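Numbering of ligands and ligand atoms starts at 1, following listing order. As the structure is a computational prediction, the values presented were derived from the model and not from experiment.
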Amino acid sequence: MKTIAATLSLLLALSVRASPAPPVENRAPIEKRAQCAEWLQIADAVATRLQSNYFNAGTGNYNGGSHWTDANNIENIYNLMLATGENTWASLIDQSYLGQAVAQQKATGVSPWAGIVSGSWDDSQWMILALWKAADYKIYIGADPTPYYNSALSLYQLVEGAWDNTCGGGVWWSSADNYKNSITNELFLQVSAVGAILFPNDSFYLTNAKKAQAWIAQSALRNSQGLFNDGLVTSTCANNGQTVWIYNQAVIASGLGALYATTKNYALITEAEVTLDAAISQLTSGGILKESCDSATTQSCDSDQVAFKGIFMKHLQYFLDRVNNATITAKYAGFIHAQASGVYHYGTNSADDIGSVWYAPNAGGSIFGSTSSGSGLAAHIVNAKYGACNVNL
Ligand SMILES: *[C@@H]1O[C@H](CO)[C@@H](O)[C@H](O)[C@H]1NC(C)=O
Ligand SMILES: *[C@@H]1O[C@H](CO)[C@@H](O)[C@H](O)[C@H]1NC(C)=O
């Protein structure tokens, strides 16, 4: 836990940067904002520790992570570099298991992705998002994004093939074809809608984005509280009543925001706000996100679950980027700052590792690892862009 005194001494030690180079986050008309140097500096310290303590350049993986959480961490590092304009971890993508597979596909012309994702259609889509983010960075430094785009397309085609008419539509969670769940379909909306922005000539992206949005809207995935449960009962297509994981409440918003950016259908924003606002009122403690398994005193989440809050924050950022509306940005600014403050004052240890518990000081329940550190990092990155520029709150 960081004390205010520690914060003040850190602030004194800061050399506030000149305004960072403008991010080239996507080809989309994304709002460019001045970012908060103090919070970017904090994010940088966390990223430095994440890379030195957890990233294994030999294997291309993060210790304690899995392919999908690693993809999220790589995306976080590139988000940070695009925000600051720095090149500190420029080689990360090519050292990672993702970049190794991209290089293999480039060299052989054969897609290795089916073997890597092993029929996991949610994991495939986290990889697409990481590859597209790395491509943004390659464009930013004047390098060729094409190999990353080609690999992302190979992954996309695998997922697209997992759509069928069971329960009226939707992609399966995995090649076992036995579960239609929220995250896989929210991601399919998100990658399809972003694909439509990145590749406007490939009309299948927009077609799929509209199809995914329409199917999700008429499905039972969202409950009467406005929150997405884990998935559907396959035999009845009813909501299965399983956990309302926090990440599910914002990946839907980033997809709806991206589809809004293309269609200008304002109802999509309103739909996203229903779930974001339900999460902020129901899945928080003292205004700070608290996963159902989070506990300040007892370690009870697994290494996947501790990544979810940061994914919520990252996809809230993507939603605000796409919506690009000052009223809506202002609406979420206080919430965003509260999360980063919780991460900083309650979640972070003296080594700049971040634990899983953001809502209260750690009393033995906070779980530390590469996935929890990456989760906290995402909260700092969005806060530098959209939260209050004040470390002492
Ligand atoms: C999209 O199609 C237009 C019209 O055919 C063409 O001029 C343009 O180069 C294409 N853009 C891309 C990125 O392929
Ligand atoms: C921005 O959001 C506000 C609040 O939802 C809305 O009233 C306004 O029409 C939006 N502005 C635009 C340009 O869409």
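Taking 4.0 Å as the cut-off between side-chain N and carboxylate O, Arg49 and Asp353 count as a salt-bridged pair.
The distance criterion of under 3.5 Å between nitrogen or oxygen atoms is not met by Tyr260 with respect to ligand 2.
Taking the ring axis of Tyr260 as reference, the NZ or CZ atom of Lys264 stays within 45° of it and closer than 6.0 Å to the ring centre. Under the 6.0 Å distance and 45° angle rule, Lys133 does not count as a cation-pi partner of Tyr78.
Ring geometry for Phe188 versus Trp163: interplanar angle of 30 to 60°, hence tilted.
Of the candidates Asn325, Thr327, Val323, it is Asn325 that places a heavy atom closest to atom 11 (N) of ligand 2.
Shortest contact from atom 5 (O) of ligand 2 to any protein heavy atom: Tyr266 OH, 2.7 Å.
For atom 7 (O) of ligand 2, no protein non-hydrogen atom is found at a distance below 4.0 Å.
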